[in-house]
Amino acid sequence: MLKSLSIGQIAEITNGQKFGESEKNLIAQIAIDSRQIIHPSQSLFVALKGAKADGHSFIPSLVDLGVGNLLVHFDYVIPEELKSKAVFLKVDDTRKALQKIAAFQRSQFEKPVVSITGSNGKTIVKEWLGQILSQKFHVAKSPKSYNSQVGVPLSIFGIEEDHQVAILEAGVSKSGEMDALAEMIRPNLGIFTNIGTAHQEGFESLEQKILEKLKLFKNSDFLIYCRDQKSLAPIIERNFREEMLIGWSDQAGADFTRSVKLLEKGAKIIFVKSDLNTYTFQVPFSDPASIENITHAIIAALTLGQAAESIQKGIDHLKSIDMRLTLKSGINDSLLIDDTYNNDLAGLKVALDFMQQQRPKKRKILILSDLLQQGSPERIYAAVSELIQSYQLDLIIGVGTEIAVLEKGFSGKFENYSSSEKLLESLDPERFSNDLILITGARPFGFERVVNRLQQRIHGTTLEINLNALTHNFNFYKKQLKPKTKVMVMVKAFAYGGGAVEIANHLQTMGADYLAVAFTDEGVILRKHGISLPIMVLNPLEETIELCSEFDLEPVVFSPEFYKTVQSFCEANGKSISIHLDLDTGMHRLGFEENQLDELKQLISNGNKIQVASVYTHLVGADEEIHRDFSLEQLERFKRMKSELEGILPEKTLFHALNSAGIVAFPEFQFDMVRLGIGLYGVEVTGKYGTSLRSISTLKTTISQIKELPAGETVGYSRKGMLKDGGKIGTLSIGYADGYDRRFSNGKGYVLIQGKKAPVIGNVCMDMCMVDVTGLDVKAGDEAIIYGEGISLKELADRIGTIPYELLTNISTRVKRIYYLD
Ligand SMILES: *Cc1c(COP(=O)(O)O)cnc(C)c1O
């Protein structure tokens with residue numbers, strides 16, 4: 001942080017009311033997450049009310065830890081016993097207060113601030129510009145995509161005195177949000193990447209969305225934009241002074257006129273500036289999106305006065321890389337966090353936090369390279385050793401020459417290798433078993449080789465799951481609920497294909513209240529992997545009651561006979577069990593009918609070893625308007641049955657009826673809990689909030705071979721695929737055994753290759769299928785998207801007359817799941 005502040009100064013900045021004796025320590029760190037506090041006595045904890053948790057609930061334990069300063073909401077009642085132990089600042093709105101402190105810190109920074117907004121490419125442009133500028137400057141930049149109302153303040157707190165330029169990303173999703181960001185960031189130089197239609201729902205029109213984003217630059221000196229973007233450029237040109245605009249275009253007459261020449265590998269970009277100076281750069285990629293992104297980064301670097309040779313040197317260090325944080329299966333049951341494109345402290349912290357959230361493994365290991373940040377190594381590694389203290393690492397493997405100094409600051413086991421080559425020479429994968437390993441290194445260290453050595457072989461097809469999108473969807477449903485309503489998440493059928501253990505673990509950190517699986521063994525697997533949330537089992541078979549009891553799983557009881565079976569088990573074994581009651585209000589699958597209620601009441605009164613944790617029913621047509629009346633009948637019947645049972649059940653018994661569609665369609669029937677399924681996985685089945693959810697998974701495969709075929713040849717089994725005029729086909733490594741439905745055969749399905757549609761040709765085989773790539777510039781090894789962003793599950797399901805649920809759950813377990821934060 002730029003400037004340490006006394007609590008009195010913070011009170012002034014935030015207009016807060018102070019309670020308690022002032023601490024003498026100045027505040028050097030501001031945290032919103034209790035796990036991230038490094039020096040309690042010099043920290044200010046800001047309690048935010050989020051969708052998943054209320055920061056105020058951590059206050060007692062934080063004060064115990066020694067945190068001396070807390071910023072809280074004015075209606076927070078300070079516990080008597082804490083009053084003498086810490087200083088409390090009360091404000092109307094803690095989030096606004098956090099933003100005011102950030103605005104103050106920003107005002108202390110006199111060097112240039114670059115800010116980036118737009119629909120796509122923000123994070124990439126920020127990362128690339130950061131890399132390029134680091135050739136010349138000491139750069140601060142937002143970690144990952146910290147671009148929101150809370151992310152931006154945290155990014156600003158990351159700016160230090162010796163930084164020479166700061167790059168901050170800004171993202172808004174609805175009208176009215178940019179003012180607060182603009183107030184904090186006050187960029188000198190702006191970049192507007194582009195405008196897309198994504199996240200349109202928070203705005204009335206495209207123009208309104210553009211104008212909202214443009215508020216960021218109202219007091220900037222310069223704004224870089226692409227004049228060829230027809231929906232964007234005229235609006236920018238109408239709203240800003242000509243002197244501040246730096247437009248680039250592929251047509252003559254712009255401030256920077258660009259021409260792009262594609263090369264064998266990569267591309268050459270030539271700029272002619274309006275003063276007729278010419279600049280030529282060679283870049284390592286050739287796809288239009290990357291070229292657009294690097295264009296923005298180059299023009300920004302030129303504007304900040306960086307010389308062309310130095311910019312080119314920065315570009316040479318880039319690659320068209322995967323900059324996400326990914327969770328992968330490692331050898332011997334280890335779990336790898338792949339962060340091979342990280343070169344700064346802020347990114348390291350994000351990765352360590354992610355590591356902290358994973359389920360427990362035998363050891364926590366960090367493989368870390370020299371950070372290659374500008375600035376003095378003593379300072380950098382002092383900060384690293386401070387940071388790692390709170391993460392209980394068992395072993396650090398440092399790679400590089402500077403990182404050796406870390407040994408002094410780390411109490412655990414430390415090994416040092418002077419280069420990645422040296423590490424690879426002696427890296428025996430068998431050293432690792434059931435470990436959690438974070439691999440994080442600066443680009444030039446090429447740590448993907450280390451990841452390769454330690455990961456389970458991944459061939460062809462992968463299902464990539466975006467944990468941020470999962471959080472987004474979870475929060476979307478949370479927002480539909482009353483604050484008290486609990487959420488049970490359905491992780492049956494391998495979490496709808498997404499991988500039950502990792503998803504359950506993520507849900508645990510997000511604050512889900514309950515999980516549900518279909519069968520007992522699914523629950524047992526979750527328990528064996530350390531999942532501790534309560535788990536309901538929808539369809540426990542009689543012979544698994546003992547397992548339920550052993551693993552603390554809560555069976556659904558759906559008939560008098562089953563009730564008695566559970567009861568006899570409890571009596572015979574001296575155990576007691578929590579169960580859930582399924583009431584049949586019209587589904588006619590499992591459950592007690594209304595006319596069995598008396599019998600059920602009798603059973604409840606006699607079964608003193610059985611605790612009824614919850615009572616629920618399931619709607620048959622919540623997603624379809626035509627069944628609305630029937631759903632309401634079901635809900636009314638449930639209410640009737642509920643009132644019959646209430647008298648004999650304990651007060652805390654939870655009642656619930658709504659699935660994902662029900663949450664959207666019948667908000668007045670939330671009762672105590674809802675059961676979220678398909679919506680979490682990105683499909684909003686009622687269609688009412690079609691664009692509010694994010695797609696959480698992408699199914700990808702690779703092209704194994706390309707063939708040019710003459711006219712009249714056929715493709716695949718039974719000669720079903722016909723190339724009348726000849727053409728080119730690509731063979732993909734996915735077939736029906738992986739879950740690529742055979743009904744996609746013969747043009748019913750298509751995949752995306754380089755963003756273009758390639759229809760399936762011929763019959764889908766067991767492990768492979770062929771697609772028509774005539775006219776596409778593709779080669780073996782290229783990636784094909786089966787579904788994800790750009791191909792919706794809903795559309796695919798419609799094409800073959802099924803529902804998204806079936807497509808999701810059909811993906812075979814032999815397809816590797818990879819989890820990432822974007
Ligand atoms: C699967 C299931 C759900 C979840 O349904 P979605 O439509 O996926 O939200 C809820 N309740 C029960 C009993 C289920 O079996």
Side-chain angles (χ1 to χ4, degrees), residues 470 473-474 476-478 480-481 485-498 500 503-504 507 512-520 522-523 534-540 553-559 562 579-592 613-625 627 630-631 634-635 637-638 641 654-667 669-690 692-693 695-697 793-794 797 802-810:
L470 200 80
N473 295 345
F474 183 78
F476 167 80
Y477 284 96
K478 279 290 261 192
Q480 316 303 315
L481 302 176
T485 310
K486 293 181 187 297
V487 182
M488 169 183 274
V489 181
M490 313 308 283
V491 291
K492 59 193 180 188
F494 208 47
Y496 290 48
I503 287 188
L507 287 165
D513 300 286
Y514 245 103
L515 298 174
V517 295
F519 298 105
T520 308
E522 294 176 340
I535 301 175
M536 171 173 111
V537 183
L538 285 165
N539 191 5
L553 304 169
E554 305 172 7
V556 166
V557 170
F558 43 77
S559 69
F562 196 49
I579 62 147
H580 301 261
L581 294 174
D582 184 356
L583 304 185
D584 187 355
T585 57
M587 175 88 181
H588 304 321
R589 182 168 71 178
L590 297 175
F592 291 90
S614 88
V615 181
Y616 73 91
T617 192
H618 192 39
L619 301 177
V620 302
D623 55 331
E624 290 172 297
E625 195 55 31
H627 298 308
F630 188 77
S631 298
Q634 277 195 280
L635 289 162
R637 183 169 302 141
F638 181 60
M641 295 168 80
L654 302 170
F655 288 85
H656 45 117
L658 303 179
N659 58 359
S660 308
I663 297 172
V664 168
F666 303 101
F669 291 95
Q670 291 170 13
F671 300 104
D672 306 308
M673 183 155 78
V674 295
R675 298 187 306 276
L676 180 59
I678 192 94
L680 180 72
Y681 307 101
V683 186
E684 207 287 279
V685 277
T686 70
K688 198 165 151 193
Y689 294 104
S692 298
L693 299 183
S695 121
I696 72 146
S697 52
L793 270 174
K794 177 82 178 71
T802 182
I803 49 177
Y805 297 76
E806 185 183 347
L807 295 187
L808 281 174
T809 53
N810 271 355

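Whatever order the structure lists them in is the order used to number ligands and atoms, beginning at 1.
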> Does the pair Y514 and E554 meet the rule for a side chain to side chain contact (heavy atoms under 4.5 Å, CB included), with working shown?
Replying inline: CA-CA 11 Å; Y514 245 103; E554 305 172 7; 2.6 Å; yes
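- Between G677 and ligand 1, a contact under 3.5 Å exists for at least one N or O pair.
- Protein heavy atom in closest approach to atom 5 (O) of ligand 1: N659 CB, 3.5 Å.
- With S660 contributing its side chain and G677 its backbone, the two residues share a donor-acceptor pair below 3.5 Å.
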>> Before you tell me yes or no, could you show the steps for I663 and L676 under side chain to side chain contact (heavy atoms under 4.5 Å, CB included), namely the whole-Å CA-CA distance, both residues' side-chain angles and the distance that decides it to 0.1 Å?
In response: CA-CA 8 Å; I663 297 172; L676 180 59; 4.3 Å; yes
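- Short contacts between ligand 1 and R589, defined as distances under 4.0 Å to a heavy atom of the residue, involve ligand atoms 13 (C), 15 (O).
- At least one donor-acceptor pair closer than 3.5 Å links the side chain of Q670 to the backbone N or O of Q480.
- Using bins of under 30°, 30° to 60° and over 60° for the plane-to-plane angle, the ring pair Y805/Y496 lands in the tilted bin.
- Comparing heavy-atom distances from atom 6 (P) of ligand 1 across I678, L676, L658 singles out I678 as nearest.
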>> I'd like to know whether T520 forms a side chain to side chain donor-acceptor pair (under 3.5 Å) with E522, so could you lay out the CA-CA distance, the side-chain angles of the two residues, the decisive distance to 0.1 Å, and finally the verdict.
In response: CA-CA 5 Å; T520 308; E522 294 176 340; over 6 Å; no
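- The protein non-hydrogen atom at the shortest distance from atom 12 (C) of ligand 1 is H618 CE1, 3.4 Å.
- Every atom of ligand 1 is numbered from 1 in the order shown, and the set under 4.0 Å from a heavy atom of L538 is 13 (C), 15 (O).
- The nearest protein atom to atom 9 (O) of ligand 1, hydrogens excluded, is given as S660 OG, 2.5 Å; this is a heavy-atom distance.
- Those atoms of ligand 1 that come under 4.0 Å of a heavy atom in Y496, given as number and element, are 1 (C), 4 (C), 5 (O), 6 (P), 8 (O).
- In terms of protein heavy-atom proximity, atom 7 (O) of ligand 1 is closest to Y805 OH, 2.6 Å.
- The aromatic rings of F666 and F669 stand perpendicular to each other, their planes meeting at an angle above 60°, with 30° marking the opposite boundary.
- Residue K492 holds the heavy atom nearest to atom 14 (C) of ligand 1 of all those in M587, K492, R675.
- Counting all heavy atoms, side chain and backbone alike, T617 lies closest to L583 at OG1-O, 2.7 Å.
- Interface atoms of ligand 1 facing M490, defined by a heavy-atom separation under 4.0 Å, are 2 (C), 3 (C), 4 (C), 10 (C), 11 (N), 12 (C), 14 (C).
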